[in-house]
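Encoded as structure tokens, the structure appears first; notes follow it.
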Amino acid sequence: MKRLFAVTLGILTAIGGFVDIGDLVTNALVGARFGMRLAWVVVVGVIGICLYAEMSGRVVAVSGRPVFDLIRERLGRRTGLFALIASFLVTLLTLIAEIGGVALAFELASGVNYLLWMPLAAFAVWLVIWRVKFSHLEQVFGLLGLLLIVFAVALWKLGPDWGDLVQQATSPGPIGHETWATYAYYGIALFGAAMTPYEVFFFSSGGVEEKWDRRDLVTERSNVFIGFPLGGLLSLAIAGCAAVLYLPIGVQVETLGQVTLPAAVAFGKLGLAIVLLGVFAATFGAALETSLSCGYTIAQYFGWQWGKFVRPRQASRFHVVMIICLILSILVLMTAVDPVKVTEYSVVFAAMALPLTYLPILIIANDPDYMGEQKNGRVLNFFALVYLGLLLLASIAAIPLMIVTRAGR
Amino acid sequence: MRRRLAAFGVTASLVLSLILGLAGCGDPDQQMLSEGARSAREAVSGVRTAQLAAQSLLGGRIWAQPATVMVTDAEDALGQVATTFDARQPETDESRQTYDLYSEALANAADGVTDLRIAVRSGDLETVRQLVAQLDKTAEQLEQLGERAQ
Amino acid sequence: MAAEGRVLHAQLHLLDRQLIHERTGELLGKVDDVELDLDAGIPVLTALISGHERIPATQIVAIDSAIKILPGDLDLTKGDDWVEQHIIDKIPGAGDATE
Amino acid sequence: MRLNELLGHRVLDRAGDDIGGVADVRLVQDGPLQPSMQAAFRVDGLIVVEKHATRLFGYERHVGPALLRWLVHRRLGAVLYLPWEDVAAVTDGTVQARSGREDLKPLEEMPRY
């Protein structure tokens with residue numbers, strides 16, 4: 001019974017934890033511009049994050065070593081440092097976007113400018129990290145994030161022509177004034193939003209925080225294989241709402257307000273309240289995950305003591321890294337840069353940085369020295385290698401497409 | 001093989017950006033028209049968003065604060081579209097005409113949304129209702145202008 | 001098997017591996033280099049290097065997915081202690097467990 | 001000597017021909033007994049890679065997905081094993097072998113554990 005509860009809780013947490021500011025913004029934006037014509041990318045991305053997270057979760061459960069510890073070990077000091085810098089910068093950029101997202105949600109609810117909310121949001125993130133137990137923060141914000149299911153219900157309430165949505169989903173390609181270049185660019189953005197690297201750093205380090213061993217493989221797998229795909233369905237619902245409400249009238253999504261409006265149109269003030277609470281939980285939860293991931297990656301690369309399973313003073317450098325990252329986020333947001341724009345760039349850079357951390361995990365998941373019986377099977381390796389190809393392709397194409405499309409204009 | 005593929009990728013993207021670059025800086029008349037049309041489409045987005053937010057406010061579906069934030073955001077976006085377009089320099093008579101046409105339409109839309117923001121902020125729902133109806137025409141006009149070029 | 005003992009590849013299995021305190025499980029840094037005595041009658045591994053500290057081979061307890069050592073007098077957490085004294089300890093709640 | 005120094009040393013065979021670079025050192029735990037009552041890790045030999053390579057990702061042991069292994073090995077060329085008794089001298093940047101290239105066994109023939 002207790003075990004079943006743990007599994008259910010893990011799955012629910014994974015669903016709520018999957019969606020962050022990147023998924024919210026990118027899915028709504030793409031839904032408004034292309035309808036469901038890029039829905040297949042969400043499916044491809046979800047399968048990818050399942051493969052990637054399952055491998056790193058399994059490696060943690062068997063070897064007890066989290067992702068960045070192993071990345072340095074396999075890539076060596078120099079290449080490892082390159083992977084660290086790239087992954088860290090992307091994670092920091094995501095953290096900035098998430099804190100901006102929390103502040104924007106408060107701005108929408110209160111009408112008070114987000115720049116005033118932002119230092120408060122960053123401070124609250126730090127306080128929770130400093131004081132709250134790991135399992136609590138993961139569960140509370142994961143469960144609250146489930147409120148975003150309101151998007152799925154809103155889509156149904158908006159009463160779309162389902163046949164039309166299916167038709168869009170099955171006929172990929174640009175429409176109207178869009179070009180193949182913008183279509184591909186947003187494809188990469190969606191892919192990066194679904195497969196953001198920090199999700200895996202957090203997931204694998206969380207495995208150590210919660211002291212996983214071989215017996216936890218069932219929990220780990222059910223979280224990944226049920227939780228993430230259901231989270232992916234939430235993403236599709238967000239895109240669907242935008243496709244129904246915005247595509248026909250030529251609205252392009254550029255603000256968080258536009259992302260939340262469909263719930264209000266469908267359910268009125270209650271819908272808006274639920275969606276704002278859901279957005280707050282999803283972005284605040286992701287802000288916790290990304291700041292922890294900033295600390296995890298650096299501390300694990302250098303072999304420092306890290307983690308919330310020890311008291312803060314025992315992992316002092318780890319905590320200092322997170323404090324510095326939060327201060328940096330405040331400083332960047334103070335320049336009044338648009339957090340939604342930051343989000344749009346962060347998902348593309350996420351797609352670019354992915355192969356650097358994916359490859360070492362694939363290598364280690366195949367190493368009998370570590371994994372023994374639990375190493376990758378043939379079928380899994382086939383898909384893992386296909387995804388390695390896809391990741392490389394997206395990574396190489398990202399910059400040229402960004403230049404050609406002037407970042408998707 | 002791998003190197004050749006990479007080289008192909010680089011060349012292809014260079015060629016592509018060159019073509020797109022040339023398309024942008026070819027005929028000044030055509031260029032003004034396509035920039036104007038693109039700005040008009042962006043303006044449609046702002047006008048329709050403001051309209052949708054205001055309608056939701058009228059229908060009691062959102063409370064005043066989010067409505068204000070959304071309309072203000074739309075106003076800012078429209079202002080930016082209009083300023084960016086206005087900064088262009090028409091080089092021929094024809095492009096001058098195109099410039100004036102689009103510039104006026106954009107300014108018109110920006111003003112309309114500014115009026116809407118003022119009404120929403122002051123809670124004057126009757127004016128909001130009138131402005132929402134008016135903005136319909138503005139959006140339709142912009143939509144037509146937006147379809148004149150790719 | 002030609003040899004009785006366990007086989008390791010120095011770079012693959014030792015370099016850049018995590019160092020752990022055998023008793024407390026504390027994380028003590030990464031292996032930055034490996035010292036080999038090639039001039040001895042029987043050439044052997046003599047120490048691991050982490051930062052500026054030299055960990056004699058006799059203090060290695062186990063080599064696994066991480067390397068367990070008995071640090072003895074070695075000061076492997078100098079950086080952490082400095083940050084702890086000068087920054088973290090000044091923030092209230094630094095020594096408390098989380099709730 | 002430090003490992004980081006030794007890695008990348010060029011290996012010359014009996015005739016003075018360059019046969020590759022040092023990529024790793026094979027250790028066997030059957031050396032003299034230490035005070036801790038554990039046997040020391042004895043340097044058993046050098047892993048030599050034909051082409052320039054910094055990291056083998058552990059693929060010199062022939063584990064992992066076939067496609068990745070094939071890619072890595074294409075970059076590495078032959079992976080050879082030079083037993084320590086065949087090393088004549090280790091000098092600045094080079095390792096002088098007593099044997100010829102044809103005498104060296106491929107690494108995969110060595111027991112892994």
Side-chain angles (χ1 to χ4, degrees), chain A residues 29 32-33 104-114 176-182 184 245-273 275-276 336 338 340 392-393 396-406 409, chain B residues 2 5-6 9-21 23-24 34 37-38 40-53 55-57 59-74 76-78 80-81 120-121 136 139-140 142-143 146-147 149-150:
Chain A
L29 191 153
R33 283 178 70 160
L104 286 176
F106 274 104
E107 181 188 66
L108 272 175
S110 66
V112 178
N113 192 294
Y114 81 95
H177 296 276
E178 305 291 349
T179 61
W180 276 102
T182 52
L245 199 59
Y246 296 141
L247 181 63
I249 56 170
V251 168
Q252 297 177 12
V253 172
E254 281 160 349
T255 64
L256 193 64
Q258 290 168 313
V259 177
T260 57
L261 196 52
V265 170
F267 295 114
K269 285 176 185 156
L270 181 66
L272 185 64
V275 89
L276 283 178
D338 180 3
V340 175
L392 284 172
L393 193 71
I396 293 167
I399 285 285
L401 280 172
M402 189 182 264
I403 296 168
V404 167
T405 63
R406 284 177 249 169
R409 280 181 71 194
Chain B
R2 243 187 318 168
L5 264 179
V10 171
T11 332
S13 52
L14 276 179
V15 170
L16 204 61
S17 47
L18 207 64
I19 292 169
L20 285 167
S34 77
R38 213 172 49 79
R41 294 197 297 270
E42 282 173 11
V44 169
S45 168
V47 173
R48 290 292 190 199
T49 305
Q51 233 191 340
L52 206 55
Q55 271 167 348
S56 304
L57 180 69
R61 297 183 164 270
I62 56 179
W63 55 96
Q65 285 86 351
T68 314
V69 173
M70 287 182 212
V71 175
T72 312
D73 281 348
D76 289 348
L78 269 170
Q80 216 165 32
V81 171
V120 167
R121 276 228 168 142
D136 234 7
E140 274 163 25
L142 284 170
E143 269 161 9
E147 291 308 316
Q150 180 58 43

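- The part of B/E143 that comes within reach of chain A is its side chain, from C-beta onward, which places non-hydrogen atoms under 4.5 angstrom from that chain.
- In this structure, chain B has heavy atoms under 4.5 Å from both the backbone and the side chain of A/E107.
- Closest approach of A/I249 to B/V44, counting heavy atoms only: O-CG1, 3.7 Å.
- With respect to chain B, the highest number of heavy-atom pairs below 4.5 Å among A/G271, A/A273, A/A32 belongs to A/A273.
- When all heavy atoms of B/R61 and A/V265 are compared, the closest pair comes out as NH1-O, 2.7 Å.
- Heavy-atom minimum distance, B/W63 versus A/K269: CZ3-O, 3.5 Å.
- Under the 4.5 Å side-chain criterion, counting only non-hydrogen atoms from C-beta, B/T49 is not in contact with A/Y246.
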Stepwise side-chain contact (heavy atoms from CB on, under 4.5 Å) check, A/L104 with B/V69 = CA-CA 10 Å; A/L104 286 176; B/V69 173; over 6 Å; no

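- Ranked by heavy-atom pairs under 4.5 Å with chain B, the list A/N113, A/L261, A/T255 is led by A/L261.
- A side-chain donor-acceptor contact under 3.5 Å links B/S45 to the backbone of A/Q252.
- Shown here for A/H177 and B/A149, the closest heavy-atom pair between the two residues is CE1-O, 3.4 Å.
- Between A/G257 and B/M70, the shortest heavy-atom distance links the atoms O-CE, 3.7 Å.
- Contacts between A/F267 and chain B at a heavy-atom distance below 4.5 Å involve the backbone alone (N, CA, C, O).
- For the set B/R38, B/Q55, B/E42, the entry with the most heavy-atom pairs within less than 4.5 Å of chain A is B/R38.
- In terms of heavy atoms, A/A109 sits closest to B/P66 at O-CD, 4.5 Å.
- When heavy atoms are compared at a cutoff of 4.5 Å, B/S56 approaches chain A solely by way of its side chain, counted from C-beta outward.
- At a 4.5 Å heavy-atom cutoff, A/L270 makes no contact with chain B through either its backbone or its side chain.
- In this structure, CG in B/D73 is found 8.0 Å from CD in A/Q258, a value given to the nearest 0.5 Å.
- If you measure heavy-atom distances from A/L276 to chain B, the contacts under 4.5 Å come from the side chain alone.
- The side-chain hydrogen bond (donor to acceptor under 3.5 Å, both in side chains) test applied to B/D136 returns B/R48, B/Q51, not counting sequence neighbours.
- By the neighbour-count criterion of 12 heavy atoms within 6.0 Å, atom CD of B/Q65 is densely surrounded, having more than that number from other residues, nucleotides or ligands.
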